[in-house]
Amino acid sequence: MAKEITTRAADYSQWYLDVVAAADLAEHAAVKGCMVIKPTGYAIWEMIQGHLDKMFKATGHVNAYFPLFIPESFMKKEAEHVEGFAPECAVVTHGGGKKLDEPLVVRPTSETIIWSAYKNWIQSYRDLPILINQWANVVRWEMRTRLFLRTTEFLWQEGHTAHATAEEAEEETLKILDVYRRFAEEYMAAPVFYGVKTESQRFAGALRTYCIEAMMQDRKALQAGTSHNLGQNFARAFDVTFQNEQGKLELVYATSWGVSTRLIGALIMTHSDDKGLVLPPRLAPIKAVLVPIWKEDSEREMMLAKARALTSGWEESISFKIDDRDQYRPGYKFNEWEKKGVPLRIEMGPKDVEANQVVLVRRDTGEKIAVPQENLLARIEALLEEMQHNLFVRARAFRDANTFHVDRYAELAEQIEKPGGFFWVHWCGSPDCEARFQEEHKATIRLVPIDEEKEEGACIVCGGRSGQRVLVAKSY
RNA sequence: CGGGGCGUAGCGCAGUCCGGUUAGCGCGCCUGCUUUGGGAGCAGGAGGUCCUGAGUUCAAAUCUCAGCGCCCCGACCA
């Protein structure tokens, strides 16, 4: 028998690895730190891509593709950027059996190669804005990796936009932040806090970095998406100017933003349980599996025919599967589909046929519901929506129950270690005070809220004046 | 880069300390029969550069030396 899934209580991080294996999402590749995304895992990525891509297009973006390789000198043009990324770059020094004149960096992110192209594309304010996204792989030579959460190579989308004004760039940055927030909440059923990063957590080369932060079941934070206002930094580095309406030359304003296969890790750690993966219906590649049950071979044919008849025409509405495999018994199938996170199981045996019903089993609650066969598809679609909503509400309740307002450093120090969670605390804005959480508790300021009501208070570290609370947590 | 662990069948492991028949076990896989409403049972079967290299020895999965690789926990990061 396959390995049992370690419980979350026993060993959270082993549980995570076990769920990835049990659901057959991915495995370690022959290359250190890299993973093979298996068909079941990749199908989830395709769901994520599909919905996000629509959202990007609905907000005026188009897709394009830029090279994997970046001349080393490009990376060095923006001072902060190279400083931030140099330590984690993979560099190609040879090609075609010869040493290259100039080494090529395997992109850790594509700002530099893209802005070198934008330089040629932009002359006038009439060429702006440029609203481009690309779906790509990137490589970051991280010290320590974890399947989906941090791998040497990962898949992502990166948006790179160019604008004529600072206001427009800021508007774009916030617009995408909102797309990410909506995607997290409406599709991933993952409630997120959003806000701006402190200087120490900012993207290398950005003016401002906005982010969404989700709480995992071990109460740690996971950065699920970032949107950067790059100001004129990259335009300056690549000399990208345009003539404005008054005929004056100006540097172009830029944004960049991305989410990655890490979202699959977020999905796992937000909803899954000790039986395996739990997927929100909107992102589940297979929404429902019908398991027909029979006793004898003669019944098998009859049950399969009934199953096919019952589901005829469903293809147009939902993706589902009839598990007609004869080599496994129903119990095995029930377990397998639960491990894989299929939202809804439809059981149909001779007894159900007789009663003109089927039994629906919800993955989120385990609840079994006998329902009539009439209008089954509509019933299922409604149930899937209910489950989607239920998962969100459940995750939000968990997050809120583990989010606290604290005002004393001793209290923060104690609670962040023991139960853990998110902590709203006052902070004076000093990097020294910020560094103290980090050094003493390995906790960081996840974000500074942008839409919360302001509140006067005293910095939890130094007692200095604070105009608002910030979110502190341990993170992935 | 520090700390820990591991490398023997597709997966998980025993055997290694103390060298010695034909290298085992569980799961999975193949064949057949019986089964099928919560991880089926029996019978038969296939499957191995014991991580690599060198050495010691009559004899190495086991001892010695060197190397390689991976995983887990920390520091760095999406």
Side-chain angles (χ1 to χ4, degrees), chain A residues 1-6 11-14 16-18 21-22 24 27-35 84-89 108-109 137-158 180 197 200-204 209 211-214 221-228 256-266 275-276 291-300 303 323-339 345-355 358-359 361 366 368 370 438-439 442 444 474-476:
Chain A
M1 191 183 310
K3 196 170 100 177
E4 295 290 332
I5 295 171
T6 307
D11 182 346
Y12 189 81
S13 105
Q14 188 58 48
Y16 175 80
L17 293 167
D18 288 351
D24 205 26
E27 63 188 27
H28 292 287
V31 184
K32 180 179 164 65
C34 293
M35 63 176 168
F85 282 103
E88 50 189 76
C89 284
T109 179
N137 59 339
V138 286
V139 167
R140 295 183 188 176
W141 218 262
E142 304 286 358
M143 310 258 95
R144 186 154 135 48
T145 57
R146 266 152 84 64
L147 289 175
F148 290 114
L149 296 175
R150 184 173 303 105
T151 45
T152 300
E153 179 191 12
F154 58 92
L155 305 182
W156 77 347
Q157 59 68 215
E158 49 180 326
Y180 288 160
K197 286 289 188 193
S200 71
Q201 305 276 321
R202 185 191 295 158
F203 176 78
T209 289
C211 64
I212 55 171
E213 296 278 336
L222 184 79
Q223 179 173 304
T226 48
S227 182
H228 316 290
S256 72
W257 27 275
V259 300
S260 71
T261 33
R262 168 180 262 200
L263 289 183
I264 296 175
K275 288 155 112 184
V291 180
I293 298 156
W294 58 80
K295 282 212 194 323
E296 301 153 22
D297 282 351
S298 59
E299 269 180 337
R300 175 171 190 261
M303 290 309 304
D323 191 346
D324 58 359
R325 293 174 298 175
D326 200 18
Q327 69 269 36
Y328 298 117
R329 299 158 88 208
Y332 180 93
K333 295 177 180 178
F334 296 169
N335 184 259
E336 182 180 9
W337 296 116
E338 277 168 4
K339 282 191 304 190
R345 181 169 77 239
I346 309 164
E347 301 177 8
M348 187 170 72
K351 288 180 224 164
D352 300 305
V353 170
E354 207 167 308
V358 298
V359 176
V361 187
K368 295 192 177 192
Q438 197 154 357
E439 280 157 24
K442 284 173 269 166
T444 46
K474 296 194 182 208
S475 74
Y476 277 93

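Each chain gets a letter, A, B and so on, in the order its sequence line appears, and its residues count up from 1. Keep in mind that this is a model prediction, so the values were computed, not measured.
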Paired with B:U52 by Watson-Crick or G-U wobble geometry, both distances under 3.5 Å: which nucleotide is it? B:A66
With a 3.5 Å cut-off and just heavy-atom distances, do the side chain of A:Arg345 and the base of B:G38 make a donor-acceptor pair? yes
From A:Asn137 CG over to A:Thr151 OG1, what is the distance, rounded to the nearest 0.5 angstrom? 10.5 Å
Whole-Å distance, A:Met303 CE to B:U36 C1', equals 12 Å
Contact between A:Phe154 and A:Arg262 at the side-chain level, heavy atoms closer than 4.5 Å - yes or no? no
Given B:A78, B:G39, B:U36, identify the nucleotide with an atom nearest to the side chain of A:Lys295. B:U36
Send over the distance from A:Tyr476 OH to B:C76 P, rounded to a whole Å. 17 Å
Pairing check on B:A43: which nucleotide meets the Watson-Crick or G-U wobble criteria with it, both distances under 3.5 Å? B:U31
Can you name the residues that form a ring pair (Phe, Tyr, Trp, His ring centres under 6.0 Å) with A:Phe85, not counting sequence neighbours? A:His81, A:Phe203
Check every strand shown and say whether A:Ser260 touches a base, only sugar-phosphate, or nothing at a heavy-atom separation below 4.0 Å. base
Is there a donor and acceptor pair, one atom on the side chain of A:Lys275 and one on the base of B:G39, closer than 3.5 Å? no
For a 4.5 angstrom cut-off between non-hydrogen side-chain atoms, does A:Cys211 reach A:Thr226? yes
What nucleotide among B:A78, B:A40, B:U36 has an atom nearest to a side-chain atom of A:Phe154? B:A78
Testing B:A75, B:A78, B:U36 for proximity to the side chain of A:Gln223, the answer is B:A78
B:C11: pairing nucleotide in any strand, Watson-Crick or G-U under 3.5 angstrom: B:G26
Mind listing the N/O atom pairs, protein and nucleotides 69-73 of chain B, below 3.5 Å?
{"unit_1": "B:C70", "atom_1": "OP1", "unit_2": "A:Lys32", "atom_2": "N", "d": "2.9"}
{"unit_1": "B:C71", "atom_1": "OP1", "unit_2": "A:His28", "atom_2": "ND1", "d": "3.3"}
{"unit_1": "B:C73", "atom_1": "OP1", "unit_2": "A:Ser13", "atom_2": "OG", "d": "2.7"}
{"unit_1": "B:C73", "atom_1": "OP1", "unit_2": "A:Arg146", "atom_2": "NH1", "d": "3.4"}
{"unit_1": "B:C73", "atom_1": "OP2", "unit_2": "A:Arg144", "atom_2": "NH1", "d": "2.8"}
{"unit_1": "B:C73", "atom_1": "OP2", "unit_2": "A:Arg144", "atom_2": "NH2", "d": "2.3"}
{"unit_1": "B:C73", "atom_1": "O5'", "unit_2": "A:Arg144", "atom_2": "NH2", "d": "3.4"}

Return the pairing partner of B:G38 with a 3.5 Å limit on both distances, Watson-Crick or G-U wobble; otherwise return none. none
Please check the phosphate of B:C77 (OP1 and OP2 only) for any side-chain N or O of A:Arg150 closer than 4.0 Å. no
Whole angstroms only, please: what is the CD-C1' distance between A:Gln327 and B:U34? 17 Å
Closest-nucleotide 5' rank along RNA chain B - winner of A:Lys442 and A:Asp326: A:Asp326
Quick one: are A:Lys197 and A:Glu213 in side-chain contact, heavy atoms under 4.5 Å? yes
Can you figure out which of B:A78, B:G37, B:C29 approaches the side chain of A:Tyr328 most closely? B:C29
Excluding sequence neighbours, so at least two apart, what forms ring pair (Phe, Tyr, Trp, His ring centres under 6.0 Å) with A:Trp141? none
Just call it for A:Glu299: base, sugar-phosphate, or nothing, with non-hydrogen atoms closer than 4.0 Å on any strand. nothing
Within the structure shown, what part of the strands sits under 4.0 Å from A:Val359 by heavy-atom distance: base, sugar-phosphate, or nothing? base
Using a 4.0 Å heavy-atom cut-off across all strands, classify A:Thr151 as base, sugar-phosphate, or nothing. base
For B:G2, what is the paired nucleotide under Watson-Crick or G-U wobble rules, both distances under 3.5 Å? B:C73
Considering only the C1' atoms, how many Å lie between B:G48 and B:C13, rounded to the nearest integer? 15 Å
What is the distance, to the nearest angstrom, from the NZ atom on A:Lys197 to the C1' atom on B:A78? 10 Å
Before giving the answer on side chain to side chain contact (heavy atoms under 4.5 Å, CB included), spell out for A:Trp156 and A:Leu263 the whole-Å C-alpha distance, their side-chain angles and the decisive distance to 0.1 Å. CA-CA 10 Å; A:Trp156 77 347; A:Leu263 289 183; over 6 Å; no
Pick base, sugar-phosphate or nothing for A:Pro87, based on heavy-atom distances below 4.0 Å to the nucleic acid. nothing
Is there a Watson-Crick or G-U wobble partner for B:U57 with both distances under 3.5 Å, and which nucleotide is it? none
Is the closest side-chain heavy-atom distance between A:Arg345 and A:Lys333 below 4.5 Å? no
From the options B:G38, B:A78, B:U36, select the nucleotide whose nearest atom is closest to the side chain of A:Phe334. B:G38
Send over the distance from A:Lys333 NZ to B:G38 C1', rounded to a whole Å. 13 Å
Would you give the length of the straight line joining atom CG of A:Leu149 to atom OG of A:Ser260, rounded to the nearest 0.5 angstrom? 9.0 Å
Using the side-chain heavy atoms of A:Arg262, tell me which of these nucleotides is nearest: B:A78, B:U36, B:G38. B:A78
Tell whether A:Glu338 reaches the base of B:G38 with its side chain through a donor-acceptor pair below 3.5 angstrom. yes
